[in-house]
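Every chain is numbered from 1, with letters handed out A, B, ... down the list of sequences. Values reported hereafter were calculated over all heavy atoms of this structure, with side chains retained and with hydrogens, waters and symmetry mates removed. Please read these numbers as outputs of a predicted model, since none were measured by experiment.
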Amino acid sequence: MLGPQSMGYDRTSIMYSPEGRLIQVEYARESVRRGSIAVGIKSKNGVVLAGLLRVVDLNEPDAKVHKIDEKVYATFAGVAADGRVLISRARLEAQIFRMTYDLPTDIKGLSTKIGDYCQLYTQQGGVRPFGVGLLIGGVDDTGSSLYYVDPGGGVISVKAKAIGEGDTEAISILKEKYKEDLTIEEMEELAKDVIKKIVKDEVEEKDIMVVSIPLE
Amino acid sequence: MNMMNNYGQQNPFENPMKGTTTVALRFKDGVVVATDRRASAGTFVASKRAKKLHQLNDYTVATIAGLVADAQYLVNLTKANLNLYELNRGYPPTTKMAGNLLASILYEQFRSYMPFYVAMLVCGLDKYGPHVYNLDASGAIIDEDYASTGSGSLFSYGVLEAFWKEGLTEDEAIKLGLRALSTSISRDTATGNGMDALVVNKDGIRWLTEEEIKKILEEL
């Protein structure tokens, strides 16, 4: 909760604070940072998405990277229920694109559609913003594409990105190791290394889900 | 002009879905499906390479007859829904589900007084066995041993009626399917310009090549 200066301006997402901030959206970004880590890397050879599976008790692990279309995948960090809704939405948009144009969707267009959808929840009344950050990656006619969609609806093209718990440290490792011509295998290794380094406890190989989409 | 009988039902043989013949039949471990390639507008041949046989997913196909726009839209809509089903669950829908999904779409439209003007076959192989679903514009769906739609269907039904039997092999079924369709190509003016044909078995969908079809027809 914020101090006296901003008191009351964090009660609804559609209300600006006097400094021009949307404080509910900033809180939503905090809930992304509490999610388990997800990593995306792209190079001229394709895209790799990876994430840490957090399994509690005797629950069966859910997937961390989700298929959206033939060559499009997405991973998210944050509120699982909100993520599920956005994943369903992305699949629906991909199929609508196929029905309309008889072609697989472009990833920029799809990411923008999901961004538009998130943005509505920062302007409409009676709703809260999505508590997830979404990495959408894959290959299309333009080559390798990787986009980050944030809870406010921002859509950013990224070379590599980490979201979730430990993202700051993960991004600094990615910055250090990233090259434009990484192979798919190198990107897979890098993604796994990043996750292993920021998770302090022992991680087993099976706790990391990796999906690669090579550019043919 | 749609003729309705006293029960308000369409008689498909008084006014068949125009200018097409499609044929599908069940055999021991799968189905054979064949369609012609002519699109007609009255006595005019509107296309010599119309695609009337569509893959819905790895084990399910559909044939179309009737209004081309309606049929193509329905194929796209069904495909999109089947893809969403598989993406959301991680396993594919069965042929039975594909057929019944399309039937519900047709029924809903029929009861909104603006039916899709189509006759379609949804065929494939799933865990319940091989299926040949015959769907009409009202949303009726019947799982048949064999079926035919379009203006030439009566000719093809004659051949299927005479030669189809339980327990056909794949080769026998292919021959019978092509024979039934080639009869319509010979005797129906709105059917012709070659054929598309495929087999669905446990390995998935196999399209017959131009040469294969030619060879089988010569041997008939």
May I ask you to check whether over 12 heavy atoms, not counting those of [X], lie within 6.0 Å of atom [atom1]?
X      : atom1 : result
A:D181 : CG    : yes
A:R29  : CZ    : yes
A:K159 : NZ    : no
B:R179 : CZ    : no
A:K161 : NZ    : yes
A:K179 : NZ    : no
A:N59  : CG    : yes
B:Y107 : OH    : no

Is A:Q95 close to B:L87 at the side-chain level, that is, under 4.5 Å between some pair of heavy atoms?
yes

Which distance, rounded to the nearest 0.5 Å, do you find between the CG of A:D102 and the NZ of B:K79?
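Result: 7.0 Å between the selected atoms.
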
Can you measure from CD1 (A:I96) to CG (B:L84) and round to the nearest 0.5 angstrom?
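With rounding to 0.5 Å, CD1 (A:I96) is 8.5 Å from CG (B:L84).
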
Residue by residue, scan residues 61-79 of chain A and write down, ordered by number, those that have a heavy-atom distance under 4.5 Å to chain B; if none do, write 'none'.
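Answer by number: A:K67, A:I68, A:D69.
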
Nearest heavy-atom pair of B:N88 and A:R91: which atoms, and what distance?
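The answer is OD1-NH1, 2.7 Å.
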
